[in-house]
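Quick notes on the structure that follows.
Labels below follow one simple rule: chain letters A, B, ... track the order of the sequence lines, proteins then strands, and each chain is numbered from 1. Predicted, not measured: the structure shown is a model, and the values here were computed from it. Because only heavy atoms are used, hydrogens play no part in the values below, and waters and symmetry mates are left out as well, while side chains stay in.
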Amino acid sequence: MTSHIPPFNQSPTLIPKPEPLSDSDPQAPIPPSSIFNFNTTVEAPLEPNLLCREFNNVAETFRSAFAQRLKRHEDVTVLDSLTGAIVPVQEEEEPVPISYSLNDPSPSLVTRKPKPQERSSELVRITDVGPEGERQFREVVRKTRMIYDSLRIFLILDEMHEEFGMARRRGRPDSKAASMMKERFLWLNRDKRIVGSIPGVQVGDIFFFRLELCVMGLHGQTQAGIDYLIGSRSSNGEPIATSVIVSGGYEDDDDQGDVIIYTGHGGQDKLGRQAEHQKLEGGNLAMERSMYYGIEVRVIRGFKYENSVSSKVYVYDGLFRIVDSWFDVGKSGFGVFKFRLERIEGQVEMGTSVLKFAKTLKTNPMSVRPSGYISFDISNRKENAPVYLFNDIDNDQEPLYYEYLANTSFPRGILFQQSDNASGCNCINGCSSGCLCEMKNGGEFAYDYNGNLIRLRPLIHECGPACKCPPTCRNRVTQKGLRSRLEVFRSVETGWGVRSLDILHAGAFICEYVGVALTREQANILTMNGDTLVYPARFSSARWKAWGDLSQVFPDYEPPSYPQIPPVDFAMDVSKMRNVACYISHSTDSNVIVQLVLHDHNNLMFPRVMLFAAENIPPMTELSLDYGVSDEWSPKLAICD
DNA sequence: GGACGCTCATATAC
DNA sequence: CGTATATGAGCGTC
């Protein structure tokens, strides 16, 4: 039993309907007259035609209304005579960010609390950023996510530290991190309301908290499912929806992937049960108006995922169009608004589809990929988790021909040269602040309580055989081996590659880079025979040096200083024995980083080479490592010169 | 501008 | 383990 939404209380003839958007090209070329040039925070040395951050207005409606705004306010003027671009004049006073101190992250001591940065009402669509622009926006997004996560983890550790003795309620580090960043003006896209995709955020990107979506500008509501620009601040007085979260909060939702029947909000009681009729107001009205104007919405899906960080992840699934809306009787018997969302074509596969696919691959791989498997575990049970070998493009089976080595083997005799095995901790209940092993790590453990790397450092000393702490000690991570399901696969672009079937949270341990370690002298001899050697010293993690740097949040932040270690001067022979890491592709834009770790011996000259996720990596995304070789030189291994 | 209410969060207790 | 409850942040509304 359905009935149509009553006509909107305004004459449609006064509202010019925008050109219908093409399905194949959701971001049609911008007419020059509609190019707006805004000041943004991104300093981008782009090519001239890409230089201006070009935002085109959403529709004819808003374009004309913008002119009215010009008259109403005097903070906008046409400045650029060449392009006719409209450039907003800077705010009269630059707001002063709140000051935090590392020792007291609470803002209570701050005398003057600046007013929070208001949400803009400027509705724009950002188009034609170009590959170089996209790369730079991506970098900004990546950096911001890094700060958010580092700050969140810092707050957790800080709280743990304080909690000794007193049973204080745990706060919400996810929300605390977000508000601190907001006060420091570190939220992205606050100076505009973006319709369509957010520059630097890609379909398939995974987030762990609702507030993280707020920080990115993907979705500004902390709980509400529909985000929209309110009518009173919109240029034509009508609300416009910009994004929705599909998270299973309404029983009348029907999520079929590319088509979603989305329920409007309202009418629920405190327990989330539908107890009243919904009304055509707020987000519901905005959805209806977005449908009328053909304006696309971003869709973010909540996805149940057993995870050490949270029990749920949020996946950006791309742009959808609202094609229908009606008033319906829900399962509860109360009236609800429903919106039919259809995914705009021409976008990459949805992140949630990939998540579901990867999940099936872990439990029932043949059901979704009946052919192509060469092995269901090339490690032959030497790893904790099976390592798949998959090739559906040619007959190459190369990885089968190497003996699988789960850990690097070091030359006999070198391991105990500096042996003073007495140096272990006595933490029978697991290491905690102030213990010997924390001291060995420069007074700060390298991992958080989920076993994620907090920041890069020259060397990590994990607890070892001489320590009395249990295997669950937070200072034992890489020694416990694989934590995620990996797959070696064949691709046209990169040859052999590696991907994970699990989500890899930034800082998650992936695997050791394994080979037969050789001293410099041994390596020199072998090289003459033309063997393939990997030099750990060449691996580059330069791009991730700033990881964990909170100086933008705490002005007095100083990166911790760690004792220097002698340069790594050994090679690894992977010509006969190797592990999964050997198949990771090279990229200067890598998503995997190298961290040296000691755990089973203490010879500083021969640390183990451990690989960690440098950022949140969705399942099925190819892993890459910067081998420190030039780009045109494509082979994966750094061969000795 | 400020108080209030609403919301497809989140953590914890039972 | 699901469910109930407590504590919320941000934003829209009035």
Side-chain angles (χ1 to χ4, degrees), chain A residues 107 113-121 148 152 155-156 159-160 163 167-183 187 189-190 193 207-234 237-255 260-276 278-279 281-287 297-315 317 330 332 336-339 341 352 449:
Chain A
K113 187 162 183 166
K115 54 180 176 187
Q117 187 183 16
E118 261 188 44
R119 233 183 158 191
S120 167
S121 58
Y148 176 79
R152 189 181 60 80
L155 293 170
I156 292 172
E159 206 169 53
M160 294 279 193
E163 219 163 73
R168 201 163 53 87
R169 243 197 78 79
R170 285 198 61 189
R172 289 272 305 270
D174 59 312
S175 71
K176 179 85 177 156
S179 22
M180 287 176 71
M181 286 181 72
K182 191 183 184 189
E183 284 163 349
W187 284 26
N189 303 310
R190 291 288 287 183
R193 289 293 285 272
F207 303 87
F208 294 89
F209 298 93
R210 281 289 293 263
L211 280 152
E212 200 179 356
L213 304 176
C214 296
V215 175
M216 298 305 138
L218 251 194
H219 189 85
Q221 306 286 347
T222 49
Q223 290 192 22
I226 304 170
D227 196 15
Y228 60 102
L229 176 64
I230 58 175
S232 61
R233 300 193 64 185
S234 146
E238 297 180 46
I240 294 296
T242 52
S243 56
V244 297
I245 307 239
V246 187
S247 202
Y250 282 82
E251 58 188 358
D252 295 307
D253 279 1
D254 183 11
D255 187 352
I260 304 165
I261 308 300
Y262 192 84
T263 313
H265 63 192
Q268 289 188 331
D269 62 14
K270 287 195 170 70
L271 295 169
R273 288 176 305 219
Q274 204 67 43
E276 277 179 64
Q278 293 185 344
K279 294 173 189 150
E281 60 186 23
N284 299 347
L285 179 57
M287 289 289 279
V297 291
R298 294 182 290 275
V299 168
I300 300 111
R301 279 191 171 89
F303 192 91
K304 233 178 113 97
Y305 194 88
E306 284 323 312
N307 181 284
S308 56
V309 178
S310 57
S311 59
K312 199 178 194 182
V313 297
Y314 294 95
V315 189
D317 268 345
S332 62
V336 294
F337 282 94
K338 288 191 172 176
F339 303 95
L341 308 187
T352 44
Y449 287 94

Write down the protein N/O and nucleotide N/O pairs, taken from nucleotides 9-12 of chain C, whose separation is under 3.5 Å; answer none if there are no such pairs.
| from | atom 1 | to | atom 2 | distance (Å) |
| --- | --- | --- | --- | --- |
| C:dA9 | N3 | A:T222 | OG1 | 2.6 |
| C:dC11 | OP1 | A:R190 | NH1 | 2.7 |
| C:dC11 | OP2 | A:K182 | NZ | 3.1 |
| C:dG12 | OP1 | A:R119 | NH1 | 3.3 |
| C:dG12 | OP1 | A:Y228 | O | 3.3 |
| C:dG12 | O3' | A:Y228 | OH | 3.1 |

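Side-chain atoms of A:D227 come within 3.5 Å of backbone N or O of A:G220 as a donor-acceptor pair. In terms of modelled atom types and a separation under 3.5 Å, the side chain of A:H265 and the main chain of A:G283 share a donor-acceptor contact. A:N284 places a side-chain N or O within donor-acceptor distance of the main-chain N or O of A:K279, the cut-off being under 3.5 Å. Side-chain atoms of A:Y262 come within 3.5 Å of backbone atoms of A:I245 as a donor-acceptor pair (strictly under, hydrogens ignored). For A:S234 (side chain) and A:L229 (main-chain N/O), no donor-acceptor pair under 3.5 Å exists by modelled atom type. Looking at A:T263, its side chain does come within 3.5 Å of a backbone N or O of A:D253 through a donor-acceptor pair.
Residues A:H219 and A:Y314 are not in side-chain contact: their nearest non-hydrogen atoms beyond the backbone lie 4.5 Å or more apart. Side-chain contact between A:K182 and A:Q117 is absent, with no heavy-atom pair separated by less than 4.5 Å.
The separation between A:R172 atom CZ and B:dT10 atom P is 6 Å, rounded to whole Å. Taking atom CG of residue A:N307 and atom P of nucleotide B:dA11, one finds them 11 Å apart after rounding to whole Å. With rounding to whole Å, A:N284 atom CG is found 12 Å from B:dT7 atom C1'. In this structure, the OH atom of A:Y250 is 12 Å from the P atom of B:dC6, given to the nearest Å. Remark: P of C:dT13 and CD1 of A:I226 are 12 Å apart, rounded to the nearest angstrom. Rounded to whole Å, atom P of B:dA11 lies 9 Å from atom CD1 of A:I156. Atom pair A:F303:CZ and B:dA9:C1' shows a separation of 19 Å (rounding to whole Å applied). Rounding to whole angstrom units, NZ of residue A:K270 and P of C:dT5 are separated by 12 Å.
Two residues, A:E118 and A:G264, neighbour DNA chain B, and the one matched to the more 5' nucleotide by heavy-atom proximity is A:E118. Two residues, A:L271 and A:G283, neighbour DNA chain C, and the one matched to the more 5' nucleotide by heavy-atom proximity is A:L271. Mapped onto DNA chain B by nearest heavy atom, A:Y262 and A:P173 fall at different nucleotides, with A:Y262 at the one closer to the 5' end.
A:G248 comes within contact range of at least one nucleobase, with a heavy-atom separation under 4.0 Å. Here A:T263 lies in heavy-atom contact (under 4.0 Å) with a base. Counting any heavy atom pair closer than 4.0 Å across all strands shown, A:G266 reaches sugar-phosphate atoms only and no base atom. Backbone-only engagement by A:R210 is indicated by non-hydrogen atom pairs under 4.0 Å involving sugar-phosphate atoms exclusively. Among the protein residues, A:Y314 comes within range of the sugar-phosphate backbone only, with heavy atoms under 4.0 Å from sugar or phosphate atoms but none that close to a base.
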How does DNA chain C read in dot-bracket, base by base from 5' to 3', with Watson-Crick or G-U pairs under 3.5 Å and | used when the partner is on another strand? .||||||.||||||

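Relative orientation of the A:F337 and A:F339 rings is parallel, given thresholds of 30° and 60° on the angle between their planes.
Applying the ring pair (Phe, Tyr, Trp, His ring centres under 6.0 Å) rule to A:F209 yields no partners; only residues at least two apart in sequence or on another chain are considered.
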